[in-house]
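Ligands are counted one by one from 1 in listed order, and the atoms in each one are counted from 1 as well.
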Amino acid sequence: MNEQALSLRLKQVSRYIQPNARLADIGSDHAYLPVALMLKGSIEYAVAGEVVKGPYLSACQQVEKNQLTDKIVVRLANGLSAIQPTDEIDTITICGMGGSLIRQILTEGSHHLIGNERLILQPNVGEATLRDWLNQNDYAILAEEILEENQKIYEIIVAEKQTLTTKLNEKELFFGPFLMQGKNAVFIKKWQREYQQIKKVLKQLQQAQNQPLEKIATLKTQLDWIKELLGDEII
Ligand code: SAM
């Protein structure tokens, strides 16, 4: 991957960034996403936020190499504190991290959100906890995507703040409201794997001397949900 040729994962993320967006890419590492979009002329302005010095310097180099310092500001900052009111950010991408970390970034930085930003989130794991945060904070999920690249499965969640008339239920939080409707081949593959993994963990917990009964009950419920959704696809 480089700024000219994004990974499939980031290409799919970029599909949800609207033309002329003012983007904040949080956890921007090499700033590949904002640089690629700026080179294509599809965004107006970007902030690339990075909390770690090494990736921050890589992002700075990338922006300088492509002569985009007047259009992309790279900031060494924790989470959403990279965003300043004068940036007038309307789109935030947080990609390539665990769902819990993305949730933490949103929680700790919520005072940097005006409420009109589109959030495009790409958790590597822990999607349910992220959907739970969105649900609790009145963000409606507008789109979801699941894809496979280099034998890894990724999800993308697109959300905007709205007055929610109906909240997501437990199964929608677990599987993703759109993904569970679509049930594409990657989704089925993911949940076939998860089913086997949960079964393995459940077996270990049931063999423990002090069985964690609440955890066991949760895992059993999850297995039932997966069985119910996948039906004959369970292997
Ligand atoms: N977003 C890029 C992508 O999807 O390819 C880079 C993903 S990289 C695995 C995650 C990056 O997030 C790392 O460079 C890490 O330093 C950065 N990061 C982690 N926590 C952060 C935080 N609280 N604020 C800003 N950046 C963070």
salt_bridge(Arg131, Glu172) N-O dist < 4.0 Å
no
Determine, for Glu127 against Lys190, whether the closest basic-nitrogen to carboxylate-oxygen distance falls under 4.0 angstrom.
yes
For atom 23 (N) of ligand 1, closest protein heavy-atom neighbour:
Asn78 OD1, 2.8 Å
Give a yes or no on whether Lys161 atom NZ has more than 12 heavy-atom contacts from other residues, nucleotides or ligands under 6.0 Å away.
yes
Sub-4.0 Å heavy-atom approach of Arg9 to ligand 1
yes
Which of the numbered atoms in ligand 1 are under 4.0 angstrom from any heavy atom belonging to Ala77?
24 (N), 25 (C)
Ligand 1 and Pro55, any nitrogen or oxygen pair closer than 3.5 angstrom?
no
Could you find the nearest protein heavy atom to atom 27 (C) of ligand 1 and give me its residue, atom name and distance?
Val51 CG1, 3.5 Å
Numbered atoms of ligand 1 (with element) below 4.0 Å of Ile105, judged on heavy atoms
22 (C), 23 (N)
Looking at Ala59, Gly96, Ser7, Gly27, the heavy atom closest to atom 1 (N) of ligand 1 belongs to Gly27
Between Tyr16 and Glu145, is there a side-chain donor-acceptor contact under 3.5 Å, judged purely by atom types and distance?
yes
Tell me which protein heavy atom sits closest to atom 7 (C) of ligand 1, plus the residue, atom name and distance to 0.1 Å.
Cys95 O, 3.6 Å
Gly79 heavy atoms within 4.0 Å reach ligand 1 at atoms 22 (C), 23 (N), 24 (N), 25 (C)
I need the minimum non-hydrogen distance between Cys95 and Leu10, along with the two atoms involved.
CB-CD2, 4.2 Å
Relative to each other, are the rings of Trp191 and Phe175 parallel, tilted or perpendicular (30° and 60° limits)?
perpendicular
When you compare ligand 1 with Glu50, is there at least one nitrogen or oxygen pair between them that comes in under 3.5 angstrom?
yes
Under 4.0 Å to a heavy atom of Leu101 - the qualifying atoms of ligand 1, by number:
19 (C), 20 (N)
Does Arg75 pair with Glu50 as a salt bridge, N-O distance under 4.0 Å?
no
Is Leu168 linked to Tyr139 within one hydrophobic cluster, defined over Ile, Leu, Val, Met, Phe, Trp and Tyr using a side-chain heavy-atom separation of less than 4.5 Å?
yes
4.5 Å side-chain heavy-atom contact, Ile17 and Ser42
no
Which bit of His30 is near ligand 1, meaning a heavy atom under 4.0 Å away: side chain, backbone, both or neither?
neither
Decide whether an N or O pair under 3.5 Å exists between Asp25 and ligand 1.
no
Shortest non-hydrogen contact between Gln211 and Ile216, atoms and distance:
OE1-CD1, 3.6 Å
Is there at least one pair of N or O atoms, one from Gly49 and one from ligand 1, spaced under 3.5 Å apart?
no
Please identify which atoms of ligand 1 are closer than 4.0 Å to at least one heavy atom of Val52.
16 (O)
I'd like to check whether Ile26 has a polar contact with ligand 1, where a contact means an N/O of the residue lying under 3.5 Å from an N/O of the ligand.
no
